Colleague: 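Structure provided below as structure tokens; questions to follow.
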Amino acid sequence: MSSNNGYRMFIGGEWISSDRTFADLNPATGEVWAEIPDGTRDEARQAVEVAAAAQAEWAAMPHPQRASYLLKAADLLEKRKQDFMDVLIDEGGSWIGKTMFETGYAAGIYRAAAAAVYQVNGEILPSEHGKVSMAVRRPLGVVSVIAPWNFPLLLSSRGLTFPLAIGNTVILKPSEETPVAGGLLIAELFEEAGLPPGVFNVVTCSRDNVEEVGDELVSNPHVKGISFTGSTAVGRQIGSKAGYHLKRAALELGGKDALIILNDADMERALNAATFGCFMHQGQICMSVERIIVEQAVADEFTERFVNKVKTLRVGNPREMANVIGPIINQKQLDKIHSHVTEAMEQGAHLLTGGQYEGLFYQPTVLTQVRPEMRVFSEETFGPVAPIITVGDVEEAIAVANNSDYGLSAGVITRDEEKGLAVINRLETGIAHVNDSSVNDEPHVPFGGVKNSGLGRHGGRASIEAFTELRWLTLERGGRHYPPPFMVNPH
Ligand code: NAD
């Protein structure tokens, strides 16, 4: 176990320190919250090697036994819920309500992954030679999981649990912003659950070392698969490297999701979906609503009521339940958010509320008159900013929604379910919902995007497919005929 001031990496079942450390900041106060080992390529390699050495035995273990470790981890997570919530607040700037959701949801991921051990199915294929012909799944081997900071516990867990359950061993590299909630606390769960050494490992490092650590976690020959969740820019690098080495990579990247509000929308649903979708966790969700596209006839009513609601969202210390808007994760992100807002205003957008900040606390912001040439329309903002675009009809709404390099999730609000389904059918996204916000997830659903939002899927059966190799095996029983010249006893 590690103490609050002496965090160490978890490699081969041992807690390992590093020569250097880096500062893990509390974004609400700006203070150093913990010192974290700044791992290097050597430690990443060591983690890969122990994971490779542990893999065959782990894969050969009866699958109910593998599942039992995940179930134990889920129970322990629930037992230590308060520890996780505290860390998610202190290191991640999460509002208490978000930490309650994230810890509860994460325990469900471990249980869903445990159930996956019973679902690694193959197929019996017809054979023209009368062979027993099978398509069977085998774990890839060692899987590297690289995770982001915004839902660190949830997204690290999503990345690591399914590959583990189905017989892979794992090295997790959490984000440098949230190495404890997204990595080291998870290692404590598995240690307490009694997971065999080497099956699950955590390597931490600063942004300075991430290039070399990341390179080892992708290009080391023992690594056969990569689960990456993060920005499109880094995902593209990881995907290119994985492609060069001909390795599997499931890439969950950024988004610029649309919420379309049609003339016949239930206005209360539209307001709830927009407020939650734009402002939950300060808009720092890959599936946040980042463009509200509203039909002309209801635009004024929606905008007025939306701004009134947004003004009620309290900003401040996330330890207080009433403060639903906590800090932005770091200065770089805050600068990006503010530049999107101020540039849009210079280009003609109207600011209806927000647009200001104190420390890392950014006021929930609403902009109208937003147009495609503005960065707040085209680039991921990842902050508490709601750009509103008014359109003439449904066709224009679909065209505006699809006018994006991203394609993660979307929502459409309408009382006409048939029309809603027809609209989401035409959206260029991996995920879409009728009468709900774009922000939605469940552990067993195929989660992922198209275009710049990623490649591959996580969740349930999709994770089983992503992190197993599908092989063709046969058993020949005398039905196979070779050309007579090749046979010792042709007949
Ligand atoms: P990021 O890309 O900066 O970092 C993600 C992870 O990659 C971190 O662990 C980071 O340390 C690591 N990393 C950075 N450079 C690397 C390199 N050269 N080699 C290997 N690893 C490297 O993203 P972030 O700021 O942590 O997260 C925010 C982004 O993640 C947003 O774009 C958001 O939309 C996206 N996201 C996507 C999903 C999804 O499911 N699609 C979910 C959450 C977040």
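A quick note: this is a predicted structure, and the numbers were derived from the prediction, not measured. When a ligand or atom number is given, it counts from 1 through the structure's own listing order.
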Colleague: Does the residue Met287 have a heavy-atom contact with ligand 1, meaning some pair of atoms that are separated by less than 4.0 Å?
Modeller: no
Colleague: Test of understanding: with ring pair (Phe, Tyr, Trp, His ring centres under 6.0 Å), list the residues that count as partners of Trp149, not counting sequence neighbours.
Modeller: Phe382
Colleague: Name the closest protein heavy atom to atom 26 (O) of ligand 1, giving the residue it belongs to and the distance to 0.1 Å.
Modeller: Trp149 CD1, 2.9 Å
Colleague: Between the candidates Ile285, Thr178, Val234, which shows the shortest non-hydrogen contact distance to atom 16 (C) of ligand 1?
Modeller: Val234
Colleague: Report the member of Gly454, Gly235, Ser453, Cys286 with the shortest heavy-atom distance to atom 39 (C) of ligand 1.
Modeller: Cys286
Colleague: Among protein heavy atoms, which lies nearest atom 6 (C) of ligand 1, and at what distance?
Modeller: Ala147 O, 3.5 Å
Colleague: Quick one: which ligand 1 atoms are inside 4.0 Å of a heavy atom on Leu155?
Modeller: 42 (C), 43 (C)
Colleague: Out of Phe447, Tyr406, Phe382, Phe228, whose heavy atom is nearest to atom 28 (C) of ligand 1?
Modeller: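 Going through Phe447, Tyr406, Phe382, Phe228 one by one, Phe382 has the nearest heavy atom to atom 28 (C) of ligand 1.
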Colleague: Sort out for me which residue in Arg291, Gln333, Lys256 forms a side chain to side chain donor-acceptor pair (under 3.5 Å) with Thr381.
Modeller: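 One option only clears the test, and that one is Lys256.
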Colleague: Which is it for Cys205 and ligand 1 at heavy atoms under 4.0 Å: side chain, backbone, both or neither?
Modeller: neither
Colleague: Evaluating non-hydrogen atoms only, which member of Gly230, Gly459, Ser409, Pro148 is closest to atom 30 (O) of ligand 1?
Modeller: Gly230
Colleague: So is Arg158 in contact with ligand 1, going by heavy-atom distances below 4.0 Å?
Modeller: yes
